Structure formats: C-alpha cells, structure tokens
Engineer: 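Take a look at the following structure, please.
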Amino acid sequence: MTTRAHLIDQVTARRVWDSRGRPTVEAEVRLGGGAAGRAIAPAGASTGSGEAVDLRDGGAAFGGYDVTGAVRHVEREIGPALRGHDAADQAGLDRALADLDGTADKSRLGGNALIAVSLAALHAAAAAAGRPLWRHVLGDRPARLPLPEIQIFGGGAHAGRRVDVQDFMVVPVGASTFAESLDWTADIYRAAGVRMAEAGRLSGVADEGGYWPAFDTNEEALECLVRAIEDAGRIPGDEVAIALDVAASEFGSAGRYRLGLEGRDLDGDGLAELLIGWLDRYPIVSIEDPLGEDDARGMQRFTAAVGDRVQIVGDDYLVTSARRVERAARDGACNALLVKPNQAGTVTETRAAFDAARSAGYGTIVSARSGETEDVTIVHLAVGWGAGQLKVGSFSRSERMAKWNEGLRIESALGDAAAFAGRAALGGADPAARSLA
Ligand code: 2PG
Ligand code: MG
C-alpha cells in the first residue's frame, strides 16, 4: 500500500567533482515522509558506442566537461515530472525517466542526469524502508559477497595508452572471505610497487589507481604481475589468478587492431591468437572485450575457442543492454556481462541486462567506471543482486577504497551469515554453481 510517506516530494541536483577532477551530477530525492537518497553519476573514458550518453555542456568551461545542462534538466524537468511518484515503484519511475528523455541513447536529458536520479530514488526507497540498500534490494534471501577483480597496473585509455591492454587485474579465487581477498590484494599491490621501484619504473598511478605501466611490452606487465603474486606469498592460479580488460575497441575497429606499444598490426584472428597464447602461459581466468565492439564474428570465434576455460566478459560489446546480451547469447559470444548502471541509464534497465545475463548462464560483474567518486551504490547492487563479482579499479585512491571498504562493512554486518562467492562466480564455470541469489 502506498502512503504519502513513500511519494517523491522533491528532486534536486548539483554539480560535484569526480576522481579525474571533472564535473559530474549528484542527485537527491526526498520523499514525503522525510526519507532521502543521494547518488552521483560516474563517467567512463573507454566508453562503448552503444552506451547511454552523458550530457556535457561543451564550450570552454572545464574542457567542455561541465554538466550545468544536465543539472538543470534534473531541477526543471525531471524533478517536477517525478513529484508524487511512488519511490518504491522503481520500474515505473525509471520508465517515466526514459519516456521523458524520449531518445534511445538518453542524450536529451543526459544519461548522467538519469542514472543519478534513478539511483538516488532507490536510496530513498531503501531509507524509507529503514534498511541498507543491499538488504532492501536482496530481501530475505541469503547474501553473498562478490569475488573482486582488482587492478594492479592501469593501461590503455587510462594511462595515455602507455600499454595497449587497459586493466591488468588480480582475482583472489582461493580466498575464503571478501576481507581475506583484500588482505591478499594489499600485499600484491605493495609487492608490485616494490618491483616497479626496484626496476626504476615506479612513476605514479593511472586513472583507477593501478601503477603506471612503464613496460616495454604488454606481456612484460603480465610477467611482473605473476612475480608480484609470488612475492606476496600467494600461489598464482590456485590462490590468486589474473583478469585482463583488453578494451580492444580502443585500439581497433572493423577487424583491424594496432598494438601501439609493440608496433604490430593484427587482424581479429591474429589478436585472438596472441591472447590465447597468453591464456596458455599465464593463470588468466577472465578476459574482457578481447576483440572490438564491432567484431561480432571475432567475439563468437574467440568464445568458441576458449569460452569453456576462461570467462569472456562483454563490456563495450554488451553495454549493459538486455537486447545485446540476448543476441550475444544466441550467437555464442561472451559468457559474462560487465554490469555498469550508467551504460544503461536507469536501475531498471541495468537490472534487465543483469537478468538477461543470468538467464543465459553468464557470469555477472558489477563495475565502476574510470571516473568515480565516493559513491558506493554499486557495491550494494553487487550484493543485493547476488552478482558474484565486483570490479571497481585498483587498491589505492579513495574513490576505489571507499567501495572495497563498503564491501567490508556489509560483510561485517552479515557476521556469520556472510558467504563469499569465490571462484564459482566466474563465467565459463558451471552456471549451476553460480546460482547465488
Ligand atoms: C572498463 C572501465 C573500468 P571506463 O573499461 O571496464 O575499468 O573503464 O569506465 O573508462 O569505461
Ligand atoms: Mg572494460
């Protein structure tokens, strides 16, 4: 039953700043009963062309990245339209947002405006119910903390294209709790830093907090990562495995790829062969966007070749779209979905993509963006939806640590009831073993 207490009374927005020092949209939703919710839109750098579009002002201010237009849309159009809407009816509210925008890519009001409001409304509904967001979303089902993918070296568009591969990550597959997975990662992150320093190559961090990738080849970064896992006293593969985000759309299109670091031009088969060579030589359990977003044939062939032994994640390729997930599942491309709420533009559309991935037997990884803030909503979604995996960047910089730390808080709140998703959460593994929530 709806009471006035659950009805949206006011929606406001302001310009705040993200981890790259760029403007972004923060929205607040206040309900009649006084409960309120707040959320901040993140922003990508290696964006898929099918994503919801962030509305930026252009022009001279802040390099064209300003968001005064998106903020104004929340205040003048979205707020009045949502007034009186039931905050507990997320699907209806998100439909109203999408209808009001009226474009396929959310470009009129701005994907940044829409996702901030949609998430803020979810927060307000949880606050009105008097429950943490993760519990509000999960209900009474058992909770499971996600297996983290944590970046150790940044690259690609997040590091001036210093190396071609975008994310070199660790996955603590042998850990028995979320907290332990972070303990291990802290040691590996530190060990990697010591190695870089000893080699005279420590020169700060990339956009998501991973070390700046001062390597001569992409493969050298993989070798250094394996050594850092060993230096930290962990067994590569058994205890801590590797995940890559190749983000191939950033260095290739129409089936042609240019590895800038190594000065090599490859076709799709050539790139697949190179990556499969790495799978043979290194303990890699997950590989994201191995081929370009426009290379459906390449993705299908790659999945057919190695999808039974490794997780193949669609990020730019699937852009958190239920329609694209269904098509990929039909065509035999990918076996896991990267779930980024701002790619879809609303909570409900994100959830639809998530559900499509689940139905297809895919693994699911809730993910942050390279431009982030102190907002930790995605951690609550990862637990609340039973996603099984979480990717929020590296193990430094507070916009990243805020999220890992929120996972620790949820794990402590659960006490003995806390379960950890572990290795079984990886796509490509038996979907029955992944039935998490
Ligand atoms: C990705 C993300 C996060 P961006 O490609 O998976 O690493 O990067 O937010 O720049 O798209
Ligand atoms: Mg990616």
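Just follow the structure's listing: the first ligand is 1, and inside any ligand the first atom is 1. Note that this is a predicted model, so its numbers are computed, not measured.
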Engineer: Under a 4.0 angstrom heavy-atom cut-off, which atoms of ligand 1 come close to R369?
Structural biologist: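 Contacts of ligand 1 toward R369, numbered from 1: 4 (P), 9 (O), 11 (O).
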Engineer: Looking at D315, pick out the N, O or S atom nearest to the Mg ion (ligand 2) and give its name.
Structural biologist: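 The D315 atom nearest to the Mg ion (ligand 2), restricting to N, O or S, is OD2.
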Engineer: Could you tell me whether D245 approaches ligand 1 through its side chain, its backbone, both or neither, with non-hydrogen atoms closer than 4.0 Å?
Structural biologist: side chain
Engineer: If the plane angle is over 60° it's perpendicular, under 30° parallel, otherwise tilted; pick one for F153 and F215.
Structural biologist: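 Ring orientation of F153 relative to F215: perpendicular.
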Engineer: Only one of E288, E208, E372 passes salt bridge (charged side-chain N to carboxylate O under 4.0 Å, His left out) with K391; say which it is.
Structural biologist: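 Result for salt bridge (charged side-chain N to carboxylate O under 4.0 Å, His left out) with K391: E288.
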Engineer: For ligand 1, which is the ligand I care about here, please tell me if R20 has any N or O atom under 3.5 Å from one of the ligand's N or O atoms.
Structural biologist: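 No, no N or O pair falls under 3.5 Å.
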Engineer: Does a donor on one side chain sit under 3.5 Å from an acceptor on the other, for D375 and T373?
Structural biologist: no
Engineer: Are D57 and T68 close enough that a side-chain donor and a side-chain acceptor fall under 3.5 Å?
Structural biologist: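 Short answer, yes.
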Engineer: Using the side-chain contact (heavy atoms from CB on, under 4.5 Å) rule, pick out the option among M401, R400, Q151 that qualifies with F395.
Structural biologist: M401
Engineer: Report the part of Q151 (side chain from C-beta onward, or backbone N, CA, C, O) that has a heavy atom under 4.0 Å from ligand 1; answer both or neither where that applies.
Structural biologist: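 Looking at Q151 and ligand 1, no heavy atom falls under 4.0 Å.
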Engineer: Using 30° and 60° as the class boundaries, would you call the ring planes of Y189 and Y211 parallel, tilted or perpendicular?
Structural biologist: parallel
Engineer: Within a radius of less than 6.0 Å around CZ of R95, do more than 12 heavy atoms belonging to other residues, nucleotides or ligands occur?
Structural biologist: no
Engineer: Does any N/O atom on A45 come nearer than 3.5 Å to any N/O atom on ligand 1?
Structural biologist: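 Such a contact does occur with ligand 1.
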Engineer: Hey, is A247 one of the residues with a heavy atom under 4.0 angstrom from ligand 1?
Structural biologist: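 A247 does not count as a contact of ligand 1 under the 4.0 Å cut-off.
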Engineer: Can you check whether K391 has an N/O within less than 3.5 Å of an N/O in ligand 1?
Structural biologist: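 Yes: some nitrogen or oxygen of K391 is under 3.5 Å from one in ligand 1.
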Engineer: Any idea which N/O/S atom from E288 gets closest to the Mg ion (ligand 2)?
Structural biologist: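 Atom name of the closest N, O or S in E288: OE2.
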Engineer: Need the atom name: nearest N/O/S atom of D245 to the Mg ion (ligand 2).
Structural biologist: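 Per the distance ranking, D245 contributes OD2 as its closest N/O/S atom to the Mg ion (ligand 2).
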Engineer: Please work out, at 4.0 Å between heavy atoms, whether the side chain, the backbone, both, or neither of D167 comes within that distance of ligand 1.
Structural biologist: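 Within the 4.0 Å criterion, D167 contacts ligand 1 through side-chain atoms alone.
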Engineer: Quick check: does S46 get an N/O under 3.5 Å from an N/O on ligand 1?
Structural biologist: yes
Engineer: Does the residue H158 have a heavy-atom contact with ligand 1, meaning some pair of atoms that are separated by less than 4.0 Å?
Structural biologist: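 Under 4.0 Å: yes for H158.
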Engineer: What residue and heavy atom of the protein are closest to atom 7 (O) of ligand 1, and at what distance?
Structural biologist: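 Minimum-distance protein heavy atom for atom 7 (O) of ligand 1 reads E208 OE2, 2.7 Å.
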Engineer: Do R22 and Y65 meet the cation-pi criteria used here (NZ or CZ under 6.0 Å from the six-membered ring centre, within 45° of the axis)?
Structural biologist: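 Positive - R22 is close enough to the ring of Y65 and near enough to its axis.
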Engineer: So, E349 and T320: side-chain donor and acceptor under 3.5 Å apart, yes or no?
Structural biologist: no
Engineer: Taking atom types as modelled and ignoring hydrogens, do the side chains of S46 and Q166 form a donor-acceptor contact shorter than 3.5 angstrom?
Structural biologist: yes
Engineer: To which protein heavy atom is atom 2 (C) of ligand 1 closest, and what is the distance rounded to 0.1 Å?
Structural biologist: K340 NZ, 3.2 Å
Engineer: Looking only at heavy atoms, is any part of L338 under 4.0 Å from ligand 1, and if so is it the side chain, the backbone, or both, or is it neither?
Structural biologist: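 The answer is the side chain.
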Engineer: Can we say R358 and D355 salt-bridge, meaning some charged N sits less than 4.0 Å from an Asp/Glu carboxylate O?
Structural biologist: no
Engineer: For atom 5 (O) of ligand 1, what's the nearest protein heavy-atom neighbour? Residue, atom name and distance, please.
Structural biologist: Q166 NE2, 2.8 Å
